[in-house]
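One structure below.
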Amino acid sequence: MGNLYNELQWRGVLHAATEGTQEVLTNKKVVGYIGFDPSAASLHVGSLLPIMTLVHMQRYGHTPIAVLGGGTGLIGDPSGKTQERPLLGKEKIEENIQGIRKQLSKFLDFEAKGNPAILVNNADWLASISMLDFLRDIGKHFTVNYMLAKESVESRMEAGMSFTEFNYMLLQAYDFLTLYKRYRCVLQMGGSDQWGNITSGIDLIRRLVKGKAYGLVTPLLQTSSGQKFGKTGSGTVWLDPNLSSPYHFYQFWLNTDDKEAIPYLKYFTLLSEAEIESVADSLAMSPEKREAQKILASEITRMVHGEEELVKAKQATAALFGREIKDLSAKDILDVFADTPSTDLSSSLFTEEGVLLSTLVQECGLMPSKGAARRMIKEGGLYVNNRRVTDEYYKLSLDESIDGQFFVLRKGAKKYHLLRVLPE
RNA sequence: GGAGGGGUGCCAGAGCGGUUAAUCGGGGCAGACUGUAAAUCUGCUGCCUUCGGGCUACGUAGGUUCGAAUCCUACUCCCUCCA
C-alpha cells in the first residue's frame with residue numbers, strides 16, 4: 001500500500017511541495033484543502049486536476065476540504081492574471097457556489113465514515129471580519145517587502161494592480177489560518193500559480209500560532225501545442241451538462257492528442273499504474289485504435305456524468321462516425337442529436353423547387369452569412385444527411401428529408417445542426 | 001499641469017491621395033493525407049448579389065479634393081516622458 005505522496009508523484013501531478021510534506025503525508029492522517037474560484041456557475045475541465053487531488057486525499061484516508069471562495073471571489077485572485085479582473089456581484093457568486101457544490105459532490109464523499117469531505121465557503125469568516133481587526137491581527141505579520149517579492153505581485157508591477165488585488169494573498173493566508181484553527185487543516189494544495197499564496201498562509205500560521213503547515217502544488221496544464229487546457233474552438237469545456245453536453249464532453253477527451261493521452265489518464269482517472277502502463281503499450285503498438293483516448297473519455301465521462309450519459313454519448317459517437325445517417329430512423333435521430341443545436345422549420349417553406357441551402361444554413365446559425373455558406377459549399381465542407389453538397393445554389397427539397405421530418409446538416413467533420421420540419 | 005506618440009479587419013501589425021476590401025504573419029474555418037490524432041500541404045477568412053455588380057468599412061464628427069485609411073480641424077480614448 002502506497003501513500004498519497006507517492007501516488008501523486010507517479011501520476012505526475014506533484015510539481016512542488018514544502019519541506020516535510022512527504023513525511024507528514026506518509027505518517028499521519030491529515031486534513032488538507034484546495035480553494036475553488038466561484039467566478040462561474042460551473043467548474044470546467046481545468047478544475048479536474050485539483051478535484052482529483054482531493055479525491056486521492058480521501059482515498060488514502062486523509063480529510064479533504066473544498067473551500068469555495070465566496071469571500072475571496074469578491075476580490076479576485078491576481079495570480080496568473082495579467083490584468084485586473086472585473087468584480088462579480090454577491091448574488092452572482094452565491095448562485096455560482098450552489099452550482100459548484102453540486103458538482104463537487106459527484107467526486108467527494110461527504111458522508112464517509114472517519115474522513116468525510118468538508119465543504120466550506122470562506123465568506124463565512126471573511127465577510128464578517130472588520131478592516132481594523134484584519135489589519136491589526138493579520139496585516140501586522142506581513143511586510144510590504146515580502147508581498148512585493150511574490151511572483152503574483154511582481155509580474156504585475158508594470159501593468160499595475162489595484163490595492164484590492166494586492167491584498168488577495170493576505171485573505172488566502174487568513175483562510176489557511178482559519179482552517180488550521182477550525183479543522184486542524186495543515187495542508188493546502190493548488191496549481192503551481194498558487195505557490196505564493198500558499199506559502200503566505202504557511203508563514204502566517206507559523207508566526208501567529210507557531211503551527212507547522214504544509215503546501216503542495218500541481219503543475220499547470222497545457223496542451224502540447226501550448227494552448228490553454230480545456231478550451232476548444234467552441235469554448236470552455238464545462239462539467240455542467242447544460243453548458244457542455246455529455247456528448248461533447250466525451251468527444252473532447254476522445255480527441256486528446258496521443259502525446260497527452262497517457263499523462264491525462266494519470267491525472268484524471270483512478271486507473272492503477274499497472275493498468276495505465278498496459279494502455280500505454282497498446283497506444284504505442286497500435287495508435288490507430290486510440291484505445292487510450294477511448295478509455296480516458298469513458299472513465300472521465302462516467303465520473304462526471306454517470307454511466308447512463310456515457311452510454312448515450314458512445315451511442316451518438318457510433319452513429320455519427322460509423323453508420324450512414326439515412327439508415328437511421330426518426331427516433332434514432334432524436335436520440336443521437338438530442339444535444340445538437342436544432343432549428344424548427346415549417347413545411348410550408350418547401351415549395352416545388354425547394355429551399356436554397358445557403359440561405360437555410362445561414363438562418364439556422366450554422367454559417368454566419370450566405371456568402372460564407374456559399375464559399376463553404378464550394379470548398380466541399382457542407383453536408384446534408386452526410387452527403388457532400390457541391391452545388392453552390394443547391395436547393396433542398398422535402399423528399400430528401402429523413403422520414404419527412406429531419407435534415408441533418410453538417411459542417412466539416414464534426415459540427416452538426418438538426419433541422420426539424422414541422423407539419424402545417 | 002507641460003511635451004511627445006498613437007488609435008486600421010478576431011489578434012498582431014504594414015499602408016507614396018487614386019489599380020487598397022486594404023501587404024505579411026498569427027488565429028479561425030474548410031479540403032487532401034490519416035486514426036474523429038499529430039505533422040504536412042492547399043484553399044477560404046467584411047456584407048449582399050439574378051455573378052454583371054452593389055453596399056459598408058480604417059476611434060468620432062466635420063472639411064479640403066474629381067478622388068482620402070492616407071491631407072486639415074475639432075472632439076474622444078490610450079500610451080510614454082517631464083512636473
Side-chain angles (χ1 to χ4, degrees), chain A residues 82-84 156-161 222-229 231-237 244-265 279-298 300-301 310 313-325 336-337 339-341 351 353-384 386-395 408-417:
Chain A
T82 51
Q83 286 192 331
E84 185 90 8
R156 285 278 293 279
M157 289 310 277
E158 280 291 316
M161 172 183 223
Q222 270 189 338
T223 66
S224 52
S225 46
Q227 303 277 326
K228 211 177 268 174
F229 173 75
K231 306 270 186 203
T232 65
S234 40
T236 306
V237 180
S244 297
S245 74
Y247 169 74
H248 288 292
F249 188 85
Y250 179 82
Q251 285 286 325
F252 168 77
W253 296 104
L254 195 63
N255 282 313
T256 301
D257 192 321
D258 286 9
K259 289 199 276 292
E260 283 142 3
I262 299 304
Y264 284 6
L265 279 167
V279 176
D281 287 344
S282 150
L283 181 69
M285 295 284 287
S286 36
E288 74 284 356
K289 283 187 183 158
R290 293 186 304 141
E291 188 134 354
Q293 283 89 339
K294 284 178 185 163
I295 293 173
L296 178 71
S298 297
I300 303 178
T301 306
L310 169 63
K314 279 182 164 173
Q315 280 169 352
T317 295
L320 258 39
F321 290 95
R323 273 187 285 171
E324 278 287 317
I325 286 213
V336 169
F337 293 99
D339 295 329
T340 308
T351 54
E353 66 255 28
V355 185
L356 207 54
L357 183 62
S358 57
T359 308
L360 222 41
V361 144
Q362 186 269 125
E363 276 170 4
C364 73
L366 192 59
M367 296 299 300
S369 73
K370 287 183 207 170
R374 276 197 296 266
R375 254 181 264 127
M376 183 57 64
I377 294 174
K378 245 190 260 180
E379 287 164 356
L382 203 64
Y383 308 76
V384 173
N386 271 1
R387 255 189 35 245
R388 176 177 284 167
V389 175
T390 47
D391 175 10
E392 236 183 298
Y393 296 105
Y394 188 75
K395 292 196 169 153
V408 176
L409 303 180
R410 190 179 108 209
K411 183 185 86 167
K414 296 168 192 171
K415 204 155 213 131
Y416 287 89
H417 191 100

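All chains are named by letter (A, B, ...) in the order of the sequence lines, taking the proteins before the strands, and each is independently numbered beginning at 1.
- As rounded to the nearest Å, C47(B) and U42(B) have P atoms that lie 24 Å from one another.
- Within the nucleic acid shown, Lys378(A) has no heavy atom closer than 4.0 Å to any nucleic acid atom.
- Closest to the side chain of Asp257(A), out of G35(B), C44(B), A38(B), is A38(B).
- Under the 3.5 Å distance criterion, with hydrogens and angles disregarded, no donor-acceptor pair is assigned to the side chains of Asp257(A) and Gln293(A).
- Taking only side-chain nitrogens and oxygens, Thr256(A) never comes nearer than 4.0 Å to OP1 or OP2 of A37(B).
- One atom, CD1 of Ile295(A), and another, P of A37(B), lie 19 Å apart when rounded to the nearest Å.
- Annotation: A21(B) and A14(B) have their C1' atoms spaced 15 Å apart (nearest Å).
- Listed nucleotides: C29(B), A37(B), C48(B). Nearest to the side chain of Asn255(A): A37(B).
- Atom CD of Glu379(A) is separated from atom P of A30(B) by 10 Å (rounded to the nearest Å).
- Listed nucleotides C29(B), U36(B), C48(B) differ in distance to Phe321(A); the shortest reach to its side chain belongs to U36(B).
- Comparing Gln251(A) and Ala372(A) by the nucleotide of RNA chain B that holds the closest heavy atom to each, the one mapping nearer the 5' end is Gln251(A).
- Residues Thr317(A) and Tyr250(A) have side chains in contact (heavy-atom distance under 4.5 Å, counting atoms from C-beta outward).
- Comparing the P positions of U56(B) and G6(B) gives a spacing of 30 Å, expressed to the nearest Å.
- If you measure from atom CD of Glu288(A) to atom P of A37(B), you get 14 Å, rounded to the nearest angstrom.
- The minimum heavy-atom distance between Pro341(A) and Tyr416(A), with the atom names listed, is CD-O, 4.0 Å.
- The gap from the C1' atom of G7(B) to that of G15(B) amounts to 15 Å, rounded to the nearest Å.
- What separates CD of Glu291(A) from P of G35(B) is a distance of 16 Å, to the nearest Å.
- Regarding contacts with the backbone of G46(B), every side-chain N or O of Arg375(A) stays at 4.0 angstrom or more from both OP1 and OP2.
- The separation of G17(B) from A22(B), taken at their C1' atoms, amounts to 15 Å, rounded to a whole angstrom.
- Side-chain contact check for Val384(A) versus Leu409(A): some heavy-atom pair is nearer than 4.5 Å.
- One can place CG of Leu356(A) at 12 Å from C1' of U50(B), the figure rounded to the nearest angstrom.
- Side-chain atoms of Ser282(A) and Lys289(A), non-hydrogen and from C-beta on, never get closer than 4.5 Å to each other.
- Between Lys414(A) and C29(B) there is no side-chain polar atom (N or O) within less than 4.0 angstrom of OP1 or OP2.
- Taking atom P on both nucleotides, G27(B) is separated from U70(B) by 31 Å, rounded to a whole Å.
- When every heavy atom of Leu382(A) is checked against every heavy atom of Val361(A), the shortest pair comes out as CD2-CG2, 3.7 Å.
- For G18(B) and A68(B), the C1' atoms lie 9 Å apart once the distance is rounded to whole Å.
- Without hydrogens or angle criteria, Glu392(A) side chain to Arg374(A) main chain gives no donor-acceptor distance under 3.5 Å.
- Contact check for Lys414(A) versus Asn255(A): side-chain heavy atoms found under the 4.5 Å cut-off.
- If you check every strand for non-hydrogen atoms under 4.0 Å, Thr317(A) touches a base.
- Set against A37(B), C47(B), A30(B), the side chain of Met376(A) has A30(B) as its closest nucleotide.
- At the heavy-atom level, Lys370(A) lies under 4.0 Å from the strands shown only through sugar-phosphate atoms.
- Rounding to the nearest 0.5 angstrom, the gap separating the CG atom in Asp391(A) from the CG atom in Leu356(A) is 9.0 Å.
- Applying the 4.0 Å criterion to OP1 and OP2 of G31(B), one finds that Tyr383(A) has a side-chain N or O inside that range.
- Rounded to the nearest Å, the gap between the P atom of G46(B) and that of U20(B) is 16 Å.
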Using nucleotides 51-55 of chain B, report all nitrogen or oxygen pairs with the protein that are shorter than 3.5 Å.
residue, atom, partner, partner atom, Å
C51(B), N4, Tyr393(A), OH, 2.7

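- In this structure, Phe249(A) places its CZ atom 22 Å from P of U36(B), rounding to the nearest Å.
- We find that NZ of Lys259(A) is positioned 9 Å from C1' of A37(B), with the value rounded to whole Å.
- Nearest to the side-chain atoms of Lys411(A) among the listed nucleotides C47(B), A30(B), A37(B) stands A30(B).
- With RNA chain B read from its 5' end, the first of the two nearest nucleotides for Leu382(A) and Gln362(A) is the one closest to Leu382(A).
- In this structure the side chain of Val336(A) never reaches within 4.5 angstrom of the side chain of Tyr247(A), judged on heavy atoms.
- More than 90° away from 0 lies the glycosidic angle of G9(B), which makes this nucleotide anti.
- Remark: side-chain polar atoms of Arg410(A) are paired, donor with acceptor, to backbone N or O of Gly412(A) under 3.5 angstrom.
- Rounded to an integer number of Å, the gap from NZ of Lys294(A) to P of G35(B) is 12 Å.
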query = So what is the 5' to 3' dot-bracket string for RNA chain B, if pairs are Watson-Crick or G-U wobble with both distances under 3.5 Å, crossing pairs use [ ] and | means the partner sits on another strand?
reply = ((((((((.[[...)..(......]]((((((.......))))))(((....)))...[[[[[..)....]]]]]))))))).
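- Counting any heavy atom pair closer than 4.0 Å across all strands shown, Arg290(A) reaches a base atom.
- Once rounded to the nearest 0.5 Å, the distance linking CG of Leu265(A) with CG of Leu296(A) reads 5.0 Å.
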